[in-house]
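Worksheet: one structure, shown below.
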There are 2 protein chains.
Amino acid sequence: MTDGAAGTGKRATPNSRDQALYRKVAADLGREIGEGRYGSGGRLPAEGELAERYGVSRGTVRQAMALLRTEGLVASRRGTRRVVIGMPRPQSFGELLSFTRWARSMGEEPGGLMIATETRTADATECVQLRLPEGTEVHRVRRLRTLSGRPAMVERTVFPPAVGELVAELPPDTVSYTVALEERGVLFADAQHTIDLCPADAEDARLLGCRPGDPLLRERRCSTDPAGTPIEWSDDRYLPDTVAFTVHSSAASGSLARRPAGDT
Amino acid sequence: MTDGAAGTGKRATPNSRDQALYRKVAADLGREIGEGRYGSGGRLPAEGELAERYGVSRGTVRQAMALLRTEGLVASRRGTRRVVIGMPRPQSFGELLSFTRWARSMGEEPGGLMIATETRTADATECVQLRLPEGTEVHRVRRLRTLSGRPAMVERTVFPPAVGELVAELPPDTVSYTVALEERGVLFADAQHTIDLCPADAEDARLLGCRPGDPLLRERRCSTDPAGTPIEWSDDRYLPDTVAFTVHSSAASGSLARRPAGDT
DNA sequence: AAGTGGTCTAGACCACAGC
DNA sequence: CTGTGGTCTAGACCACTTG
């Protein structure tokens with residue numbers, strides 16, 4: 001291996017730029033899959049062949065494959081080569097948490113009409129979700145989100161104190177809190193979502209232009225930073241025909257579950 | 001390492017029973033997390049410590065951790081120990097694909113009222129989803145699913161020929177097709193889900209006892225076997241207040257995405 | 001029997017968190 | 001500086017699929 005890093009010869013390269021090697025391999029293969037290089041249901045090259053092609057060890061190729069697997073692009077089992085079972089989706093996580101980024105990726109103009117903002121003591125649910133001691137002050141925001149002017153979703157978000165302070169200082173014309181927070185060093189790493197259907201309350205109906213009681217698609221979400229600290233707890237209610245959620249799940253890991261309606 | 005496997009000393013043990021070592025470690029840690037041993041937001045032991053405790057290498061501990069991570073139980077970053085961010089959920093995959101198993105796990109009595117079964121040529125959508133050539137004959141089943149007698153969901157499933165043959169031979173009183181198929185060697189390994197809201201059509205309304213046009217929570221799903229071959233394509237429509245779906249997603253992998261309503 | 005992915009080991013160095 | 005997880009390597013053996 002042509003190793004410029006004078007030394008043991010063990011280290012491949014210090015990763016000239018930001019990404020890990022296995023991520024580059026995964027991205028490359030993901031791109032090829034998206035281009036139909038192997039076809040839907042087609043077989044990927046063997047681990048050994050890929051290791052040689054990219055000049056990396058088998059372990060690194062396997063790390064890349066694990067990524068492609070959790071993204072739902074390939075299936076694998078002992079004895080045969082991996083198989084293509086899905087097509088890559090553009091950078092889902094950023095667009096998943098940010099309504100603004102998602103809207104823009106679709107060529108729509110996102111909007112955020114502030115309805116109310118307040119600082120109050122957290123209720124029982126919020127304390128559990130945000131892992132805060134009882135009686136903590138939290139920052140609440142309610143907004144009507146629009147797509148190219150049309151009402152699309154009512155957003156009710158609660159921030160813990162540390163994040164709430166940042167939110168309170170945001171310029172009044174801020175469209176994306178998520179992007180603004182990331183620019184201020186708050187990183188989103190994990191999120192837990194609950195998706196169900198709920199009837200519009202009086203406020204939902206007034207904002208969205210539907211009747212009270214009309215069903216909405218609800219996504220409740222708790223996001224955490226890389227340290228595992230909760231940074232937001234949100235209740236988003238979408239008008240029908242606005243969005244759909246897609247999930248990949250597998251027997252090996254399984255990030256999706258079905259629960260009885262009602263709790264939390 | 002006290003290694004009874006007289007030999008190279010490399011292999012730890014041939015895995016006395018079915019499971020891989022890293023799965024045992026993950027299961028064990030998952031159980032401890034569920035018991036609150038480390039607390040919500042608490043820190044896990046270091047990789048090295050766990051490797052010693054279980055008598056395995058660091059690589060094996062890391063495989064276990066990767067599992068716990070995709071299951072949404074822990075978050076991790078360089079420099080500090082892993083942190084608990086979620087509680088374990090019981091065997092989600094089996095209960096996710098099987099309405100029957102899910103119902104029973106909640107102490108409800110699942111039912112399946114057969115509405116219609118037919119063999120016809122697949123339409124365009126079905127051909128794409130099941131990766132079948134145009135004009136292939138598929139097996140279709142429509143059923144009303146009930147929870148302890150109450151209507152809960154209308155299920156419309158399409159099976160490719162190989163699976164359809166098995167389905168056609170199932171006893172008329174079969175409640176769970178999923179379980180029956182698994183008993184006949186059809187294994188479910190991966191699934192791709194799309195969750196959204198859709199209005200009840202005339203049949204939905206009649207079966208579920210609601211009005212046509214009333215919104216239902218819809219889950220469309222394509223499941224594949226370990227070889228990556230599609231084995232079912234289903235459109236399930238739930239009455240409101242019946243179910244909620246929960247998903248974990250992370251910046252590192254991301255199995256959840258939001259899409260505009262409409263397609264596929 | 002050959003090919004291929006699954007599991008496990010052992011060791012190295014790096015990058016980051018926190019004292 | 002020390003501890004910790006992230007990345008990478010090299011090699012071994014096993015279990016399964018396929019021809």
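In the text below, chain A, chain B and the rest are named by the order of the sequence lines, each starting its count at 1.
For residues 45-57 of chain A, the pairs satisfying salt bridge (Lys or Arg N to Asp or Glu O under 4.0 Å) are A:Glu32-A:Arg53, A:Glu47-A:Arg58, A:Glu47-A:Arg62, A:Glu47-A:Arg82, A:Glu49-A:Arg53, with sequence neighbours left out.
Looking at A:Glu95 and A:Arg89, no side-chain N of the basic residue comes within less than 4.0 Å of a carboxylate O on the acidic one, giving no salt bridge.
Residue whose closest nucleotide on DNA chain D sits further toward the 5' end, between A:Thr80 and B:Gly48: B:Gly48. Nearest-nucleotide positions on DNA chain D place A:Gly59 closer to the 5' end than the other of A:Gly59 and A:Arg43.
Rounded to an integer number of Å, the gap from CE of A:Met65 to P of C:dT4 is 12 Å. Rounding to whole angstrom units, OH of residue B:Tyr22 and P of C:dG5 are separated by 16 Å.
Counted within 6.0 Å of CD on A:Glu35, heavy atoms from surrounding residues, nucleotides or ligands total more than 12; the atom is thus considered enclosed.
Proximity of B:Arg62 to the phosphate of D:dG6: a side-chain N or O atom is located under 4.0 Å from OP1 or OP2.
Residue B:Arg82 is in sugar-phosphate contact alone, with no base atom involved, counting any heavy-atom pair closer than 4.0 Å across all strands shown. Heavy atoms of B:Arg77 sit under 4.0 angstrom from primed sugar atoms or phosphate atoms, though from no base atom.
Between the side chain of B:Arg58 and the base of D:dG6, at least one donor-acceptor pair of N or O atoms lies under 3.5 Å.
Here the side chain of B:Thr60 is nearest to one of C:dT7, C:dT9, C:dG18, namely C:dT9. When distances are taken from the side chain of B:Arg78 to each of C:dC8, C:dA15, D:dC8, the shortest belongs to C:dA15.
Within residues 68-76 of chain B, the residues that place at least one heavy atom under 4.0 Å from DNA chain D are, in residue-number order, B:Arg69, B:Ser76.
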